[in-house]
Every structure is written in structure tokens, then in C-alpha cells.
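The next block holds one structure in the form of C-alpha cells; read it before the comments.
Chain letters run A, B, ... following the sequence lines, proteins first, then strands; residues in each count from 1.
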Amino acid sequence: MRRGIAPVLGSTIRAAEFVRSARIKPLSVSPSRSSFQRRVAGRRIEGLGRAGKRVVIELAGGDRIVFEPRMTGLVLLAAPPSEEHLRLRLTLAGRAKPSELLFWDRRGLGTLSLLDPAEFARRLGPDTLGPDALELDPALLEARLGASKRPIKVALLDQRKLAGVGNIYAAECLHVARIHPIRPCASLKPAEWRRLHAALEDVLGEAIRYEGSTLNDGTYRNALNVEGGYQSCHRVYGREGGACSRCRGRGRVERIVLGQRATFFCGRCQR
DNA sequence: CGTTCAACCTGGGCGC
DNA sequence: TGCGCCCAGGTTGAAC
């Protein structure tokens with residue numbers, strides 16, 4: 001998402017418009033819609049970043065816009081999948097640049113905030129967000145998760161321990177690392193932490209190159225409203241009952257619920 | 001401290 | 001066709 005909106009770097013925000021449609025609940029904005037509009041108008045976009053699963057727009061003066069897409073939110077430079085679920089339009093100034101940046105969200109669980117540097121450090125600091133999943137080494141991964149008795153799958157999704165891993169990629173990484181999702185973190189051996197670290201890098205890196213996973217509901221799109229491609233690479237996620245690709249049919253993909261989330265794995269090659 | 005669970009929303013897919 | 005149910009890339013806060 002962050003890379004997709006790279007073209008807006010250097011543009012100036014003319015105005016923020018909260019788009020509302022009947023029947024659809026309005027976007028949740030912090031601290032308030034009016035102060036958001038007042039504080040972003042006329043500001044230049046000086047940086048684009050990411051904090052775990054959030055997209056961050058750094059403005060001149062130090063304020064940061066934080067998009068939290070949750071399940072169905074999209075940050076777009078192109079026309080959205082539907083007009084009805086469009087939530088925010090940032091009108092941009094600057095030649096040969098996109099003229100607007102949109103936030104679209106079908107379910108409406110996503111949030112938008114504008115944070116000054118102190119608020120940003122407090123709200124998205126180390127107390128709420130662990131080290132990024134792409135900036136680890138095996139020792140740090142074990143140090144963050146290793147003492148816990150929780151199932152490794154549940155711990156991988158805990159953003160305070162490790163930032164950036166969601167439900168699909170937790171399942172995929174554990175399959176690649178051949179680790180059963182229910183295993184207590186504390187039971188993992190050094191070789192398994194190394195495999196899990198490698199799997200995080202490989203799976204997340206590949207998923208980024210494929211621009212994400214567009215599931216059957218078709219929701220996820222990149223900034224140009226184009227579907228991702230990584231869903232065709234999924235080894236276990238959403239493949240309940242299918243043959244495990246590593247076992248060549250000797251193992252079947254199983255689905256259980258762990259920490260209230262669907263969890264897919266091969267019971268034969270994940271131990 | 002850790003686990004569990006409801007809640008926040010909308011819509012797609014399925015069985016009947 | 002309509003209805004009820006289950007499901008969904010997530011996070012928070014209350015209750016145990």
C-alpha cells in the first residue's frame with residue numbers, strides 16, 4: 001500500500017473531504033473530522049511510511065496521517081471499487097501527479113487519525129507495536145516470542161510482540177517453516193526459530209512482490225484498484241480439505257480456530 | 001499476567 | 001427469490 005501511493009510524495013494537500021453515503025456508517029476519525037480538515041489543508045506530503053499494518057503520510061510540520069485499513073480498507077490513487085464505500089478524498093495539488101488520494105472501506109472497520117509527533121510516538125510506539133516482521137533476525141524473533149506458552153500462531157498475530165503479520169501470512173509462514181500452529185512458543189527449538197524467521201522473510205517478501213492476496217470476496221486491491229496475485233500461491237490458507245503441496249496428497253489441509261481466527265495447516269508435515 | 005469473547009460494520013456464499 | 005446463518009487480510013476492551 002505504501003509503495004502504491006509513492007507518486008503523491010511531494011504533493012500538497014488542498015483539502016480533505018469526508019465522503020458519506022446513506023446507509024453506510026461514517027468513517028471513524030481521530031481526533032475529529034473538523035480538526036483533521038483544518039490541520040491537513042495546505043500541507044505538503046514529505047514522507048510515506050508504514051507502522052506495522054498502518055500506512056503513514058508524513059506532513060510538513062511533523063503531523064502524520066495514519067490509515068488503519070483493518071479488514072477491507074484501501075488507500076487508492078485510482079477510482080474505487082464502489083462509490084458507496086468511499087470514505088475520504090484528499091485533493092492534491094502538484095503537476096503530473098495524482099490529483100487525489102482516496103480511502104475506501106467496505107466494512108468500515110478501518111480508522112483514520114492525525115497525530116503530532118508526540119502522539120505518534122505514544123500511540124504507535126514500542127508499547128503498542130513490536131519490531132517489524134521484516135526487520136528481525138532469528139535471535140530477536142525468539143527473544144520476542146520465545147518465553148510465551150501461547151500457541152505460536154496466536155503469538156505471531158500479536159502486534160505488540162511483532163508488527164505486521166496477519167492471519168493469512170501467519171498460516172503460510174508456519175507451513176513453510178513446518179511448525180504446527182498450536183505449538184507453544186516456548187517449545188520451539190533454535191532450528192525452528194531459524195526456519196520461522198526465514199519463512200517470514202520469504203513469504204512476506206513474495207507476497208509483497210505479488211502485491212497481496214485478493215480473496216474470494218475480491219476486496220483487496222492495490223493503489224490502482226488492481227487485484228493482488230499472492231492468493232494463487234497460498235499453500236494452506238483457505239484450502240481446507242485440499243492436498244498439502246509438500247506432502248503430495250499424503251496430508252490434507254485442516255482448519256481449526258485459534259484465538260478466534262481461522263487457522264489452516266497440514267497436520268502431517270507441520271509438527 | 002494470560003485467555004476468551006463480544007463488539008465494531010458490510011456483504012458474499014451457502015443451505016433450505 | 002428470500003431468509004437465516006456463517007464467514008471474512010483486524011483491533012479493542014471487558015470479564016474471568
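- In this structure, NZ of Lys53(A) is placed 10 Å from P of dT12(C), rounded to the nearest angstrom.
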* To do: Summarise protein proximity over nucleotides 2-15 of chain B in one line of letters, 5' to 3': B for base, S for sugar-phosphate only, - for none, counting protein heavy atoms closer than 4.0 Å.
  => -S-BB-BBBS----

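- In this structure, Asp127(A) places its CG atom 16 Å from C1' of dT12(C), rounding to the nearest Å.
- For the residue pair Trp104(A) and Thr72(A), no side-chain donor N or O sits within less than 3.5 Å of a side-chain acceptor on the partner.
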* To do: For the pair Arg50(A) and Leu134(A), evaluate side-chain contact (heavy atoms from CB on, under 4.5 Å) and give the outcome as yes or no after the intermediate values.
  => CA-CA 12 Å; Arg50(A) 176 173 71 76; Leu134(A) 289 175; 4.3 Å; yes

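- Heavy-atom distances to DNA chain C give each of Ala262(A) and Thr128(A) a nearest nucleotide, and the one nearer the 5′ end belongs to Ala262(A).
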* Base-pair map of DNA chain B as dot-bracket, where | denotes pairing with a different strand and pairs are Watson-Crick or G-U under 3.5 Å -> .|||||||.|||||||

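- The CE atom of Met1(A) sits 12 Å away from the C1' atom of dG10(C) (whole-angstrom rounding).
- A donor and an acceptor atom, one from each side chain of Arg106(A) and Thr219(A), are located under 3.5 Å apart.
- Side chains of Thr91(A) and Glu100(A): a donor-acceptor N/O pair is absent below 3.5 angstrom, by distance only.
- In this structure, Phe265(A) has its ring center no closer than 6.0 Å to that of His175(A).
- As a whole-Å value, the separation of Leu74(A) CG from dG10(C) P is 14 Å.
- When the P atom is compared between dA6(B) and dC5(C), the two are found 16 Å apart, to the nearest whole Å.
- A cation-pi contact, defined as under 6.0 Å to the ring centre and within 45° of the axis, links Arg33(A) to Phe18(A).
- As rounded to the nearest Å, dC3(C) and dC9(B) have P atoms that lie 24 Å from one another.
- Between the side chain of Ser32(A) and the backbone N or O of Ser35(A) there is at least one donor-acceptor pair closer than 3.5 Å.
- Whole-Å rounding puts the Leu157(A) CG to dA8(C) P distance at 13 Å.
- To the nearest whole angstrom, the two P atoms, one in dG11(B) and one in dT11(C), are 22 Å apart.
- Per the geometry, CE belonging to Met71(A) stands 17 Å off P belonging to dC6(C), to the nearest Å.
- Counting non-hydrogen atoms under 4.0 angstrom, Thr72(A) reaches nothing in the nucleic acid.
- To the nearest angstrom, P of dG10(C) lies 13 Å from OH of Tyr220(A).
- In terms of heavy atoms, Gly4(A) sits closest to Leu77(A) at O-CD1, 3.5 Å.
- Here CG of Leu215(A) is found 12.5 Å from OH of Tyr230(A). Values are rounded to the nearest 0.5 Å.
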